[in-house]
Amino acid sequence: MINKTSQDAITPLLPKEFAHTIITWQHQHGRNTLPWQREASPYHVLVSELMLQQTQVSTVIPYFERWIKVFPDLATLAQASEDQVLAQWQGLGYYSRARNLHKAAGYVMTELNGQLPATPESLREVPGVGPYTAGAITAFAFDKPAAIVDGNVKRLFCRYFGINGDPNSSAINRQIWTKAEEYKPHSNSRQYAQALLDLGATICTPRNPKCELCPLQQSCNALATDRVNLLPQKRAKRTLPTKDGYFALDVNANGVILVQRSANGIWPRLWCLPELSELPPRAQVHGSFKHVFSHYRLNATVINCTPSHATTRIPLEALAQYGLPAPIRKYIHTHVLEN
DNA sequence: AAACCGTGGAA
DNA sequence: TTTCCAAGGTT
């Protein structure tokens with residue numbers, strides 16, 4: 001092992017040295033050909049950052065490429081309908097992000113003359129832009145100094161500085177943000193931000209980190225004290241509650257009946273099989289599926305019936321133009337279209 | 001402050 | 001199969 005034996009022997013690099021070290025590493029080993037890096041325009045960065053919230057890079061890439069083709073600029077996006085926006089976002093999850101991005105386009109066009117601001121404070125006024133995304137846009141789109149703290153930075157800093165405690169608690173979160181502010185360089189902001197994310201994603205990973213390849217191994221507190229697998233502190237695991245759901249299926253040669261869901265709750269404003277409050281008596285069960293959300297499990301039963309209120313029958317060939325929840329689309333594909 | 005809000009990939 | 005969690009934000 002490359003551990004040092006004395007905890008006192010470990011001193012973190014000074015901010016200037018830290019930044020230089022990881023920027024040099026990023027140049028050789030970082031990610032530099034991602035789709036949103038080709039043209040790091042403010043709009044491209046905005047779209048990518050909203051899509052990347054709680055979503056892995058490999059998942060986002062095809063969505064980003066399609067999005068830019070359909071909505072090439074802020075003005076186009078601002079003029080699009082909510083349905084067009086949701087159709088492009090369908091399957092990506094956390095659908096409020098799509099509506100926030102749509103609102104953001106309108107906000108920037110009408111209130112900011114079409115120009116995204118270049119400071120975290122102003123960017124925080126944009127819908128869907130929180131503390132992380134504001135810093136990320138500042139650094140990636142404008143190459144200006146900004147602290148960024150996402151899951152990668154939390155993990156990297158908790159290990160590098162040996163920070164104990166729950167990184168999601170407000171106290172530890174503040175501590176990490178303070179470090180991020182203290183360590184942000186005054187130049188090369190874009191590459192520094194990319195270096196932080198690349199290190200977290202490829203070296204300082206949640207499990208089986210590649211410490212032997214890390215440019216910070218000689219000054220990492222967790223490595224020196226053999227606590228790499230103990231930091232950051234794991235959050236208590238949750239047991240997800242299970243809910244039952246019932247969906248009405250009415251399909252004929254003219255298409256399938258869908259309803260647009262409300263703006264609140266799960267799958268906001270997406271088009272879905274009509275949801276029934278309970279299992280109707282003498283229900284004809286067409287099929288079932290299970291689905292796991294971030295906060296509960298869904299056991300769904302699909303019932304053959306004509307819903308009393310729903311009236312929108314959508315031709316099967318037109319389904320792609322509507323935003324459907326991923327499991328609903330899958331069910332229709334496997335249990336309706338293939339029959 | 002804590003709950004809500006998706007989906008899929010990896011081990 | 002289970003478990004974890006990913007370029008978090010909003011309420």
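Nothing here was measured: the structure is a model prediction, and the numbers come from that model. Chain naming here is simple, since letters A, B, ... match the order of the sequence lines and numbering starts at 1 in each. Note: hydrogens, waters and symmetry copies are ignored here, and every other heavy atom, side chains too, is used.
The ring-ring contact (aromatic ring centres under 6.0 Å, His included) pairs that include a residue from residues 165-184 of chain A are A:F18-A:Y183, A:F161-A:Y183, where partners are two or more places apart or lie in different chains. Listed by first and then second residue, the ring-ring contact (aromatic ring centres under 6.0 Å, His included) pairs that reach into residues 104-155 of chain A come to none, sequence neighbours excluded. Listed by first then second residue, pairs satisfying side-chain hydrogen bond (donor to acceptor under 3.5 Å, both in side chains) with a partner in residues 246-256 of chain A read A:D250-A:T306, A:D250-A:R313, A:N252-A:R313, not counting sequence neighbours. For the side-chain hydrogen bond (donor to acceptor under 3.5 Å, both in side chains) condition, the pairs that include at least one residue of residues 198-210 of chain A, sequence neighbours left out, are A:Q26-A:D198, A:R31-A:D198, A:Q194-A:D198.
We find that NZ of A:K237 is positioned 6 Å from P of C:dT3, with the value rounded to whole Å. One interatomic measurement links the two molecules: CG of A:N168 to P of C:dC4, which rounds to 14 Å at whole-angstrom precision. Separating the CZ atom of A:R329 from the P atom of B:dT7 is a distance of 11 Å, rounded to the nearest angstrom. Across the protein-nucleic acid pair, A:D166 atom CG and B:dA1 atom P stand 12 Å apart, rounded to whole Å. For the pair A:I328 CD1 and B:dG6 P, the computed distance is 13 Å after rounding to whole Å. Rounded to whole angstrom, the span from the NE2 atom of A:H291 across to the P atom of B:dG8 amounts to 7 Å. Between the CZ atom of A:R207 and the P atom of C:dT3 there is a distance of 12 Å, given to the nearest Å. In this structure, A:W89 atom CH2 and B:dC5 atom P are separated by 17 Å, rounded to whole Å.
If you take atom P in B:dG6 and the same atom in C:dT11, they sit 14 Å apart, rounded to whole Å. Comparing the same atom, P, in B:dC5 and in C:dA7 gives a spacing of 23 Å after rounding to whole Å.
Side-chain N/O atoms of A:W267 include one lying less than 4.0 angstrom from OP1 or OP2 on B:dT7. Here A:H295 reaches the OP1 or OP2 of B:dC5: one of its side-chain N or O atoms lies under 4.0 Å away.
Among the heavy atoms of the strands lying under 4.0 Å from A:K330 are primed sugar atoms or P, OP1, OP2 only; no base atom is included. Contact annotation for A:V153: no contact, since no heavy-atom pair falls under 4.0 Å across all strands.
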Counting primed atoms plus P, OP1 and OP2 as sugar-phosphate and everything else as base, spell out the protein contacts along nucleotides 5-11 of chain C at 4.0 Å heavy-atom distance: B, S or - for each nucleotide, 5' to 3'. BBBBSS-
From CA spacing to verdict: salt bridge (charged side-chain N to carboxylate O under 4.0 Å, His left out), A:E181, A:K184: CA-CA 6 Å; A:E181 291 286 355; A:K184 72 171 192 257; 2.6 Å; yes
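Listed by chain and number, the residues in a ring-ring contact (aromatic ring centres under 6.0 Å, His included) with A:H44 are A:F64 (sequence neighbours excluded).
Mapping A:S58 and A:L92 onto DNA chain B by nearest heavy atom places A:L92 at the nucleotide closer to the 5' end.
Panel note: side chain A:Y322, backbone A:L270; no donor-acceptor pair is recorded below 3.5 Å.
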